[in-house]
Amino acid sequence: MKLFIDTANVADIREAAELGAVGGATTNPTLIAREGRRFEDVIAEISEIVEGPVFAEVVSSDHEGMVSEAEKLAAIRENVVIKIPMCSEGLKAVKILAGRNIKTNMTLVFSPAQALLAALAGASYVSPFLGRLDDIGSEGIGLIRDIVAVFSHMEKRPEIIAASIRSPMHVIDAAKAGCDIATVPPKVIWQMISHPLTDSGIAKFMKDWDAHTARQ
Ligand code: G3P
């Protein structure tokens, strides 16, 4: 399974890229707004750092507006992929963009039926949101399992991006469920590095080594 980073913060993307942990970067309007910078500038900068796909989301509510935004964003760099929210207008936009060879990621997917429609419209990726389902007492990982099962019968299918990840356990559950990609906030990537036994193990090795060198 590939890991993408779920942020528009360039410093965090650079840090994660140094770890070899960034196969792509996903943003959304909330994450872009948090940075307080011009949308196109942020996407251009991220798409220079990250070799894999960089996801930029449209904000129009009609398919004509979505398509027009998508064409401008896709022109920033060849690795830019367009995120389109799941709705009728979004599906129309995905279909048109697929016909123009512009890759899309259907986002805000909360049911296998929505994922199936996105696949049929020609989306290259679908993004089911685990955390937001868990937040309302539904089992997010169950949605991933269902989408994997539905897509297993399709000849040509989108890649599944587990989104709205809240913990390292979410990442591993998504991998075990057969997800292609998890897009992970920086905080969760840093959490994935740490384990208390690793920390205490390193501290003990250092202490023993210092004692050994002091005796020489
Ligand atoms: O970018 C889509 C998704 O990952 C957002 O996650 O934490 O806002 O539910 P969250």
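One-based numbering, in listed order, for ligands and for the atoms of each. The analysis underlying the following values was restricted to heavy atoms, covering all of them including side chains, and did not include hydrogens, waters or symmetry mates. Predicted model, so just to flag it, every value in this text is computed and none were measured.
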Less than 4.0 angstrom from a charged side-chain N to a carboxylate O is my criterion; do [X] and [Y] meet it?
X	Y	result
Lys187	Asp6	no
Glu69	Lys72	no
Arg14	Glu45	yes

Check your understanding: Given Glu48 and Arg77, is the salt bridge (Lys or Arg N to Asp or Glu O under 4.0 Å) satisfied, shown in steps?
Key -> CA-CA 8 Å; Glu48 273 178 32; Arg77 202 173 289 271; 3.2 Å; yes
N or O contacts of ligand 1 with protein under 3.5 Å, please list pair by pair.
residue: ligand 1; atom: 1 (O); partner: Asp6; partner atom: OD1; Å: 3.2
residue: ligand 1; atom: 1 (O); partner: Asn28; partner atom: ND2; Å: 2.9
residue: ligand 1; atom: 1 (O); partner: Lys83; partner atom: NZ; Å: 3.3
residue: ligand 1; atom: 4 (O); partner: Asp6; partner atom: OD2; Å: 2.5
residue: ligand 1; atom: 4 (O); partner: Ser164; partner atom: N; Å: 2.9
residue: ligand 1; atom: 7 (O); partner: Arg166; partner atom: NH1; Å: 2.7
residue: ligand 1; atom: 8 (O); partner: Arg132; partner atom: NH2; Å: 2.7
residue: ligand 1; atom: 9 (O); partner: Arg132; partner atom: NE; Å: 2.7
residue: ligand 1; atom: 9 (O); partner: Ser164; partner atom: OG; Å: 2.7
residue: ligand 1; atom: 9 (O); partner: Arg166; partner atom: NH1; Å: 3.2

**Study point:** Check against side-chain hydrogen bond (donor to acceptor under 3.5 Å, both in side chains), Thr26 and Thr183
**Key:** CA-CA 7 Å; Thr26 54; Thr183 189; 2.5 Å; yes
Check your understanding: For residues 160-178, which residue pairs qualify under salt bridge (charged side-chain N to carboxylate O under 4.0 Å, His left out), counting only residues two or more places apart or in two chains?
Key -> Asp135-Arg166
